[in-house]
Amino acid sequence: MARRSVILGTGSALPKRRLDNAELCETVDTSDQWIVERTGIRTRYIAGDGETTATLAAESARNALEHAGIDATEIDLIVLATATPDQTFPSSATKVQAMLGIPDCVAFDVHAVCTGFLYALSVADSMLRSDNGTKALVIGSETFSRILDWEDRATCVLFGDGAGALVLGTEEGERGILATKLHADGRHNDLLFVDGGPSTTGTVGKLRMKGREVFRHAVINLADVLTEVLGEAGLTSADVDWIVPHQANARILDATAKKLGVSTDKIVVTVDQHANTSAASVPLALDTAVRDGRIKRGDLIVLEAMGGGFTWGAAALRY
Ligand code: UT7
């Protein structure tokens, strides 16, 4: 029987401040109707003083540890996906390690923008199965509000801040991560990027996106990678109980499900509540659906995401 990485617990965290579309309209030339019709977003959370990628990540990790019934000192691997670290270095993962009071473990950040959580999950899964640890925290955490151009209505209405975490262990049996698939195509850098960085401008920069072109690539790439990961796991779309997608746009979620032939009732949608939280969106959505009882033990779940680079990926797992 195969040894697999299994989800022992999930957790999430959101900043205190909620910013709904109506309030956003007071400072940005937009409307609730445009945002809801084009994206499905109704509200988002914005990090305030003292709230950072690492503090949100640590809070989501504590919630996941509590859910798993595991003490932080049992963790020997932390993989944190983020494009908005607290500092250029050291990694936010090591900050989380210190906040959780873990004296020694492996800790590092993974950067694949909105696909970051899928990359982090795949790396942690490989490391656990090759005996590089027994229990891992896999976290997606972002504070995109700090890299938005609040005068660019085409992007600033789309994103929010938050974090989600999983505790992974390993076990022999049927449940756990069945397959992961990752992709990148660096030719599309100019469609979704930040116009700054330590080695170029010496600044943090602001997010820039050609939304319509990203949208077109997203639907094609996501449907393809979901088909690919299900094939790798020896499954078809008919086996899927829940799709837990990256939450960028409700229209992308619907179009992807349609292309895959999966009912839209099987999509976990949180984009209305959280907007696009980049690497945090998949674990945030997963935790939401686990805690509200939609996702149950034994369910077949596929996770998927697509983001800057382009990068995209998917995972199939039995919860
Ligand atoms: O997480 C990484 C992956 N990211 C994504 O997957 C994002 C993918 N893209 C999208 O979700 C959509 O393309 C957007 C939501 C970003 C935009 O929707 P769209 O239907 O593609 O709109 P558009 O960019 O083509 O703009 C349509 C119109 C334009 O006006 P004109 O030129 O038609 O007069 C924009 O100026 O909507 C206008 N517009 C707005 N109007 C009101 C753009 N942003 C806004 C806004 N409020 N916030």
Side-chain angles (χ1 to χ4, degrees), residues 19-44 81-84 111-119 140-145 147-162 164 182-186 188-194 206-226 243-257 259 267 269-272 274-285 303-314:
L19 175 64
D20 63 20
N21 290 349
E23 194 185 341
L24 193 58
C25 292
E26 291 168 16
T27 53
V28 179
D29 176 21
T30 187
S31 66
D32 177 57
Q33 189 188 357
W34 190 96
I35 302 171
V36 172
E37 277 177 10
R38 299 288 179 124
T39 72
I41 297 166
R42 294 183 183 277
T43 189
R44 76 281 293 140
T82 190
T84 48
H111 184 348
V113 208
C114 298
T115 318
F117 188 77
L118 272 302
Y119 270 71
S141 184
E142 302 276 21
T143 45
F144 261 47
S145 64
I147 55 162
L148 294 175
D149 174 353
W150 287 96
E151 290 181 359
D152 175 15
R153 68 176 184 172
T155 54
C156 74
V157 305
L158 304 173
F159 294 89
D161 302 333
L182 302 175
H183 292 278
D185 181 349
H188 300 294
N189 182 299
D190 60 327
L191 297 181
L192 177 50
F193 64 101
V194 168
K206 298 288 180 206
L207 182 147
R208 308 289 170 204
M209 176 166 72
K210 293 185 181 142
R212 188 166 284 195
E213 285 163 72
V214 177
F215 189 109
R216 195 168 52 81
H217 280 91
V219 176
I220 297 166
N221 290 342
L222 291 171
D224 283 354
V225 76
L226 282 170
I243 302 180
V244 183
H246 170 50
Q247 310 281 325
N249 184 321
R251 290 186 294 137
I252 296 179
L253 308 190
D254 288 349
T256 309
K259 213 159 179 283
I267 313 174
V269 182
T270 55
V271 68
D272 55 332
H274 305 147
N276 182 345
T277 58
S278 183
S281 87
V282 169
L284 244 173
L303 315 176
E304 49 93 324
M306 144 97 191
F310 290 144
T311 53
W312 65 104

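We number each residue from 1, following the sequence as shown. Read the numbers this way: they start at 1 and go in the same order the structure lists the ligands and their atoms.
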Colleague: Starting at CZ of Arg44, measure out to CZ of Phe144 and round the result to the nearest 0.5 Å.
Modeller: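 The distance works out to 15.0 Å.
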
Colleague: In this structure, are over 12 heavy atoms from other groups packed under 6.0 Å from Glu151 atom CD?
Modeller: no

Colleague: Between Thr30, Leu24, Asn21, Leu207, flag the one that comes closest to atom 46 (C) of ligand 1 by a heavy atom.
Modeller: Thr30

Colleague: Are any side-chain N or O atoms of Trp150 and backbone N or O atoms of Ser145, one a donor and one an acceptor, separated by less than 3.5 Å?
Modeller: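 Between the backbone of Ser145 and the side chain of Trp150 there is a qualifying donor-acceptor contact (under 3.5 Å).
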
Colleague: If only atom types and distance count, is the side chain of Thr39 paired as donor or acceptor with the main-chain N or O of Ile41 below 3.5 Å?
Modeller: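 Checked: pair present.
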
Colleague: Measuring to protein heavy atoms, does anything land under 4.0 Å from atom 32 (O) of ligand 1?
Modeller: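 There is no protein heavy atom less than 4.0 Å from atom 32 (O) of ligand 1.
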
Colleague: Examine the proximity of ligand 1 to Phe215 and report which part, side chain or backbone, both or neither, has a heavy atom under 4.0 Å away.
Modeller: both

Colleague: Which ligand 1 atoms, with their elements, are less than 4.0 angstrom from a heavy-atom of Ile252?
Modeller: 6 (O), 8 (C)

Colleague: Using a strict threshold of under 4.0 Å (side-chain N to carboxylate O), is an ion pair present between Asp272 and Arg42?
Modeller: no

Colleague: Are there protein heavy-atom neighbours of atom 20 (O) of ligand 1 below 4.0 Å?
Modeller: yes

Colleague: If you measure from atom 27 (C) of ligand 1 to every heavy atom of Arg38, Lys210, Gln247, which option wins on shortest distance?
Modeller: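 Residue with the shortest heavy-atom distance to the ligand atom: Arg38.
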
Colleague: Protein heavy atoms near atom 40 (C) of ligand 1, is at least one of them under 4.0 angstrom away?
Modeller: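 Looking at atom 40 (C) of ligand 1, one finds that a protein heavy atom does lie closer than 4.0 Å.
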
Colleague: Under a heavy-atom criterion of less than 4.0 Å, does Leu192 contact ligand 1?
Modeller: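 Leu192: in contact with ligand 1 (<4.0 Å).
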
Colleague: Out of Asp29, Ile41, Thr39, indicate the one that has the non-hydrogen atom closest to atom 15 (C) of ligand 1.
Modeller: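 Looking at heavy atoms only, the winner is Thr39.
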
Colleague: Would you say atom 44 (N) of ligand 1 has a protein heavy atom nearer than 4.0 Å?
Modeller: yes

Colleague: Measure from atom 12 (C) of ligand 1 to every heavy atom in Asn249, Ile35, Val28 and give the option owning the shortest one.
Modeller: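 Minimum heavy-atom distance to atom 12 (C) of ligand 1 goes to Asn249.
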
Colleague: Taking atom 6 (O) of ligand 1 as the reference point, report whether a protein heavy atom occurs under 4.0 Å from it.
Modeller: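 Yes.
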
Colleague: Do you know which of Asn221, Val282, Thr256 makes side chain to side chain contact (heavy atoms under 4.5 Å, CB included) with Glu304?
Modeller: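 One option only clears the test, and that one is Thr256.
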
Colleague: Under 3.5 Å, side chain of Thr311 to main-chain N/O of Ala112, donor-acceptor pair present?
Modeller: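 Yes, Thr311 side chain to Ala112 backbone: donor-acceptor pair under 3.5 Å.
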
Colleague: Can you tell which part of Arg251 has a heavy atom less than 4.0 Å from ligand 1: side chain, backbone, both or neither?
Modeller: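 Arg251 to ligand 1: side-chain contact only, backbone stays beyond 4.0 Å.
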
Colleague: Just by modelled atom types, is the Leu118 backbone N or O under 3.5 Å from a matching donor or acceptor in the Thr115 side chain?
Modeller: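 No; zero donor-acceptor contacts below 3.5 Å.
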
